[in-house]
Amino acid sequence: MEDIQNTAPRPQNMAESKPAPATCKADIQSVTKRLQTELMQLMMSSTPGVSAFPDADGNLLAWTGTITGPADTYYEGLTFKLSFAFPATYPYNPPTVIFKTPIYHPNVDFSGRICLDILKDKWSAVYNVQSVLLSLQSLLGEPNNASPLNGQAAELWDKDPAEYKRLVLARHRDIDEE
Amino acid sequence: MNVQHFAAVNVARPYRYHDLGQGAGEIRGSGPGTELITRLNPGDWSSSDKAAAAAAVSSSSGLPSSNLSSSTLSSSNVVAVQRLVQGSTPVTTAVMPVRVPVGVPAPGPVSGPANSISFGPSDFTALSYFTSPALCCQHQQPPPPPPPQPHPSSTRYKMGSMQSDEELATLQKLSSEYEPDVQGPLVGKRQSSQAITAEYANADPAFVRKTRALPQKFSHYRTVKGDGNCGWRAIAFGYFETLLRLGDKNQIAAEEARLKSLNNLLNVAGFQEHLYEDFVEETILLLREVASWVPVTDDGAALLAKFNDSSISNAIITHFRLLTSAWMKTHADAYQPFIPDKTVEQYCATQIEPYQVEIEHVGMNALIDCLIKSAGFAVEILYLDRSAGEEVNTIRFELETSAGEAVFPDAATMRLLYRPGHYDILYKVEDVAELLSAATQVQLVSDLESFSPIRDVPMASTYGQFNPWFAEIPGMSFVPGVPSGLSGLSGLSGLTGYGGLGSLSLMPTSFAPAAEPTVPQPSMTPSALPISPTPTATTPSFRPSKYEYEAEFTPAPPANLPCQTATFRNSHYNPAHFLNSEFQPEMWTPETEIKSESKSPDQIRH
């Protein structure tokens with residue numbers, strides 16, 4: 001019985017799989033357009049403490065962002081670089097954002113991967129590079145200690161501020177100096 | 001973590017690997033998932049399958065299989081032909097030889113409509129063996145045919161065989177990371193709803209019952225890709241299609257104004273204009289294009305193409321998601337009771353705004369409230385599930401007064417077929433006919449009425465009889481308003497179709513021998529052709545009503561009017577030929593005499 005039911009769709013599938021590259025191309029174009037708009041807006045409205053720019057290789061799908069640690073947090077005065085990788089389905093799917101600068105934080109693991117809802121299941125098309133950077137900046141001051149990637153950091157956050165501060169500074173390195 | 005999740009994994013893995021054409025040996029992981037994968041290893045069945053598929057295609061078409069897929073015919077044509085075939089009056093045979101090869105499947109219980117529909121991944125049937133229809137949301141396009149036997153029990157049996165928490169965790173992880181590799185167009189072509197019946201032919205009796213009743217009320221359906229946006233896309237497509245079907249440019253302009261004004265709602269809800277304006281723009285652009293397509297000449301093919309352009313389609317969906325979110329946030333009191341465990345804000349952030357998150361009932365309500373009801377449309381959702389009853393349950397959403405009465409009882413209605421987790425679009429036969437040839441039919445009616453000499457002859461019943469079919473028969477494309485492309489198969493098939501139609505439904509059968517319709521030969525002189533060779537596809541700038549001629553409309557020749565008996569037509573009391581722009585007094589020309597001796601055009605004879 002299964003065989004019989006499976007026979008019909010097969011030729012159709014082959015016919016339909018052809019247009020795929022065309023839609024991909026259209027997607028890339030709309031991603032590029034959107035990212036150009038975002039870049040314009042970022043440059044026009046210089047938000048203090050955050051910045052981002054496409055990587056030098058001319059690929060608009062990879063950006064480097066910078067945030068500075070907010071005042072009155074463990075990260076005050078430090079700057080962090082992040083890499084943005086935009087999928088072809090952006091802005092419908094979130095960019096992959098990773099801390100390039102080593103950071104000691106409850107919601108960032110030692111590879112720089114970030115646990116932030118808007119970069120995962122809460123992502124929607126009205127978020128953009130700027131709102132991601134601002135969210136990450138506020139995450140530095142207000143971590144979600146309930147679901148940590150770095151359990152030690154989550155524990156120390158409230159318990160031992162001095163030790164926490166020491167670990168933050170110990171881990172932080174400006175990658176540009178490397 | 002529930003049982004359904006695991007079933008999703010079990011389905012998901014083999015499905016993906018099968019698509020990649022990989023064998024079971026490359027599959028990671030262990031446990032029940034692997035077992036299933038092994039059992040579904042394509043090598044077990046694919047080669048015989050392919051052969052069977054090829055055989056099925058060639059046997060049903062009699063043509064190389066490429067003809068089948070490259071056919072420009074829409075499935076609605078196929079349906080028309082099927083009907084012609086089923087209702088086979090002897091005179092329809094003129095149609096069959098040309099039409100049948102293109103898509104009518106060979107007769108048979110399973111190969112019937114199934115051959116003419118575009119299923120998504122072909123291996124679904126096999127996979128669905130292990131899953132319940134209730135799990136269908138993201139895994140297929142269209143939802144898999146339900147299994148031959150009721151499934152929850154078999155699924156649970158699989159679950160019971162699982163051993164460790166570790167496996168559970170692994171499967172959970174796979175499940176949450178899995179992105180279905182759904183195939184097929186974002187919005188499919190309209191096809192006969194018989195396909196649904198065929199799909200469920202071996203399913204649970206409740207499904208069989210309900211899907212059998214379905215085609216009687218809803219002649220066509222359209223698949224929507226099950227990519228997590230299907231409910232949104234179905235409503236969005238239905239919205240534009242309904243506007244197109246109604247064909248009222250003023251209404252479309254009003255909708256454009258309304259949607260623009262809804263930007264205020266987005267602002268109130270806290271969305272930033274520079275972030276949503278791109279999405280709104282796509283909606284507005286498409287609305288304008290829809291207005292430019294009125295009157296419909298292409299059976300909505302342009303709209304379908306737009307909706308299959310992912311950048312346009314997704315932008316519109318995102319716009320509607322944001323509108324819904326804003327609507328829910330600004331009408332939080334109305335929706336909060338339906339969201340027990342979250343605030344409306346949280347719900348919107350997780351269930352409405354993110355792309356590829358399936359619409360739930362609350363979201364559907366809000367979307368309809370915000371977008372559809374205010375447009376004066378109604379939505380009917382037909383729930384195909386295993387509940388009791390002979391038919392699918394229908395819920396109608398429309399604008400109501402506080403007393404619960406419909407504000408517009410005859411509002412244009414779009415219909416969605418809901419199978420747990422998935423939406424498709426359904427059509428009643430009149431919706432389809434309307435979209436195909438809103439302008440055409442009206443023109444023909446007024447055309448008929450303009451013939452004063454024959455006005456008193458009862459024609460309503462005959463007209464009503466051929467009305468629903470009429471639009472779907474390719475030969476009818478000689479009437480302005482139907483694209484010439486539709487008849488572009490070949491001149492011959494078009495003419496043949498015309499002849500078949502005339503004899504089938506325009507002529508009282510009892511007169512058939514005397515009033516044998518003339519099937520014009522291509523060699524005849526143009527003036528003798530009952531079909532005007534120059535279709536007037538003009539779009540006048542202003543048409544106050546669709547019940548009006550287009551400016552340059554030339555009435556079709558009255559050759560085969562339904563109300564003429566052979567006796568009357570051939571009598572000298574019939575002055576109808578004077579109204580025929582193609583009318584020419586009979587003149588003797590030797591060529592005509594020779595070429596059409598056997599079938600001289602008696603419609604231009606006194």
Side-chain angles (χ1 to χ4, degrees), chain A residues 1-42 44-45 87-94 117-132 134-135, chain B residues 45-46 48-57 65-66 68-70 105 110-111 114-126 129 145 148 183-186 199 202 271-272 274-276 278-279 308-312 314-315 317-318 321-322 325 348-350 352-357:
Chain A
M1 183 216 73
E2 285 160 304
D3 279 356
I4 297 168
Q5 290 197 344
N6 272 320
T7 51
R10 213 165 262 281
Q12 291 251 354
N13 282 347
M14 291 166 186
E16 277 165 16
S17 60
K18 282 171 193 166
T23 45
C24 266
K25 209 173 193 179
D27 283 348
I28 294 286
Q29 277 171 356
S30 69
V31 175
T32 310
K33 179 169 163 262
R34 157 92 183 212
L35 287 173
Q36 278 165 343
T37 319
E38 284 195 27
L39 183 58
M40 286 287 286
Q41 259 144 7
L42 268 171
M44 307 268 280
S45 70
T89 47
Y90 184 80
Y92 305 111
N93 291 110
D117 53 2
I118 69 158
L119 288 175
K120 296 196 164 62
D121 55 345
K122 274 198 184 175
W123 172 263
S124 84
V126 285
Y127 291 112
N128 61 359
V129 175
Q130 189 182 27
S131 53
V132 168
L134 289 172
S135 299
Chain B
W45 50 280
S46 66
S48 59
D49 240 358
K50 278 174 188 165
V57 169
S65 56
S66 60
L68 196 68
S69 52
S70 66
V110 182
S111 68
N115 271 353
S116 59
I117 55 174
S118 57
F119 278 118
S122 57
D123 39 354
F124 245 114
T125 322
Y129 196 81
Q183 304 282 317
L186 296 175
E199 214 179 297
N202 294 314
F271 295 115
Q272 295 172 50
H274 70 270
L275 290 174
Y276 67 69
D278 288 350
F279 309 119
N308 278 312
D309 179 331
S310 58
S311 61
I312 295 174
N314 292 343
I317 287 173
T318 306
R321 280 182 185 273
L322 298 179
S325 170
C348 289
T350 54
I352 301 290
E353 291 164 27
Y355 180 72
Q356 282 188 337
V357 172

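Quick note on labels: first sequence line is chain A, next is B, and so on, each numbered from 1.
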Q: What part of A:Gln41 gets within 4.5 angstrom of chain B, counting heavy atoms only: side chain, backbone, both, or neither?
A: side chain
Q: Taking only residues two or more places apart in sequence or in another chain, which ones pass ring-ring contact (aromatic ring centres under 6.0 Å, His included) with A:Tyr127?
A: A:Trp123
Q: Could you work out, with side-chain contact (heavy atoms from CB on, under 4.5 Å) as the rule, every residue matching A:Ala125, not counting sequence neighbours?
A: A:Pro91, A:Tyr92, B:Phe279, B:Thr318
Q: Return the minimal non-hydrogen interatomic distance between A:Val126 and B:Leu275, and the atom names on each side.
A: O-CD1, 2.7 Å
Q: Quick one: pull up NE2 in B:His274 and CE in A:Met40 and give me the separation to the nearest 0.5 Å.
A: 12.5 Å
Q: Could you walk me through whether B:Gln356 and A:Thr89 pass the side-chain contact (heavy atoms from CB on, under 4.5 Å) test, one step at a time?
A: CA-CA 11 Å; B:Gln356 282 188 337; A:Thr89 47; over 6 Å; no
